[in-house]
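The structure appears right after this line, and notes come after that.
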Amino acid sequence: QKEVEQDPGPLSVPEGAIVSLNCTYSNSAFQYFMWYRQYSRKGPELLMYTYSSGNKEDGRFTAQVDKSSKYISLFIRDSQPSDSATYLCASTLYSGAGSYQLTFGKGTKLSVIP
Amino acid sequence: EAGVAQSPRYKIIEKRQSVAFWCNPISGHATLYWYQQILGQGPKLLIQFQNNGVVDDSQLPKDRFSAERLKGVDSTLKIQPAKLEDSAVYLCASSSNTQGANVLTFGAGSRLTVL
């Protein structure tokens with residue numbers, strides 16, 4: 001079983017809609033939970049990360065973690081065509097020697113239609 | 001701050017040929033990662049370096065893939081001989097480990113097509 005599961009979509013929404021992206025994870029040892037955004041033919045870039053259960057807000061983006069159910073969510077308010085990208089959830093695990101590993105989900109491809 | 005540099009951006013080879021990818025991480029970043037991203041999938045870790053030592057290479061197909069990070073800075077990933085299933089984007093990332101969240105900064109990737 002893959003450690004981070006994510007529905008690959010694709011997901012298509014009209015401009016201005018609220019978008020909900022979700023992941024589940026299986027490893028209780030995961031410490032940080034991240035969302036990366038990847039535009040076509042680019043590397044992933046970090047959107048935001050959280051540590052504890054609860055919500056974290058950054059502008060139009062809200063990340064939510066529920067450790068009891070091992071559930072990770074990203075909400076995008078007032079979605080824009082520029083938000084069209086693949087969104088990757090990821091979790092970190094301490095791998096020793098002062099370094100960490102990042103395990104990714106498959107990514108959800110989002111299209112925001114003008 | 002300059003980003004993570006990778007080259008070449010694109011490479012097309014025949015199966016059984018060899019290829020090498022180069023990565024220059026962000027200055028001062030101790031940890032360097034190589035990920036493989038197959039079309040429609042999330043990145044999969046191939047190898048992780050801490051300075052010039054290997055932390056994890058458990059998912060690296062060692063019969064055909066090799067990687068090195070000389071002097072704890074630049075890194076090279078080599079594939080020899082290549083197979084059709086190696087067609088993917090090879091992403092290099094680095095992190096400074098100054099934050100517990102271990103934020104990775106990725107390069108744009110090297111896209112490999114094996115014919």
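Side-chain atoms are counted along with the backbone in the values below, which use heavy atoms only and exclude waters and symmetry mates. All chains are named by letter (A, B, ...) in the order of the sequence lines, taking the proteins before the strands, and each is independently numbered beginning at 1.
- Hydrophobic clustering places B/F21 together with B/V54 (ILVMFWY residues linked when any side-chain heavy atoms are closer than 4.5 Å, directly or through intermediates).
- Taking a 6.0 Å sphere around NZ of A/K67, one finds it holds more than 12 heavy atoms contributed by other residues, nucleotides or ligands.
- A/Y71 and A/F75 fall into different hydrophobic clusters, where Ile, Leu, Val, Met, Phe, Trp and Tyr side chains are chained together by heavy-atom contacts under 4.5 Å.
- The two residues B/L91 and A/Q38 come nearest to each other via the heavy atoms CD1-NE2, 4.5 Å.
- Note: B/L45 CG to A/T103 OG1 = 8.0 Å, rounded to the nearest 0.5 Å.
- Of all heavy-atom pairs spanning B/Y35 and A/L102, the tightest one is OH-O, 2.9 Å.
- Contacts between B/Y90 and chain A at a heavy-atom distance below 4.5 Å are absent for every atom of the residue.
- The environment of NZ in A/K42 is sparse: at most 12 heavy-atom neighbours from other residues, nucleotides or ligands sit within 6.0 Å.
- Judged purely by atom type and a 3.5 angstrom limit, A/Y36 uses its side chain to pair as donor or acceptor with the backbone of B/L104.
- Looking at B/Q37, the atoms closer than 4.5 Å to chain A (heavy atoms on both sides) all sit in the side chain, from C-beta outward.
- Among A/G43, A/P8, A/G107, A/P44, the residue with the largest count of heavy-atom pairs under 4.5 Å with chain B is A/P44.
- For CG of B/L84, the number of neighbouring non-hydrogen atoms (other residues, nucleotides, ligands) closer than 6.0 Å is greater than 12.
- Under a cut-off of 6.0 angstrom, the local environment of NZ in B/K71 is sparse, with at most 12 non-hydrogen atoms contributed by other residues, nucleotides or ligands.
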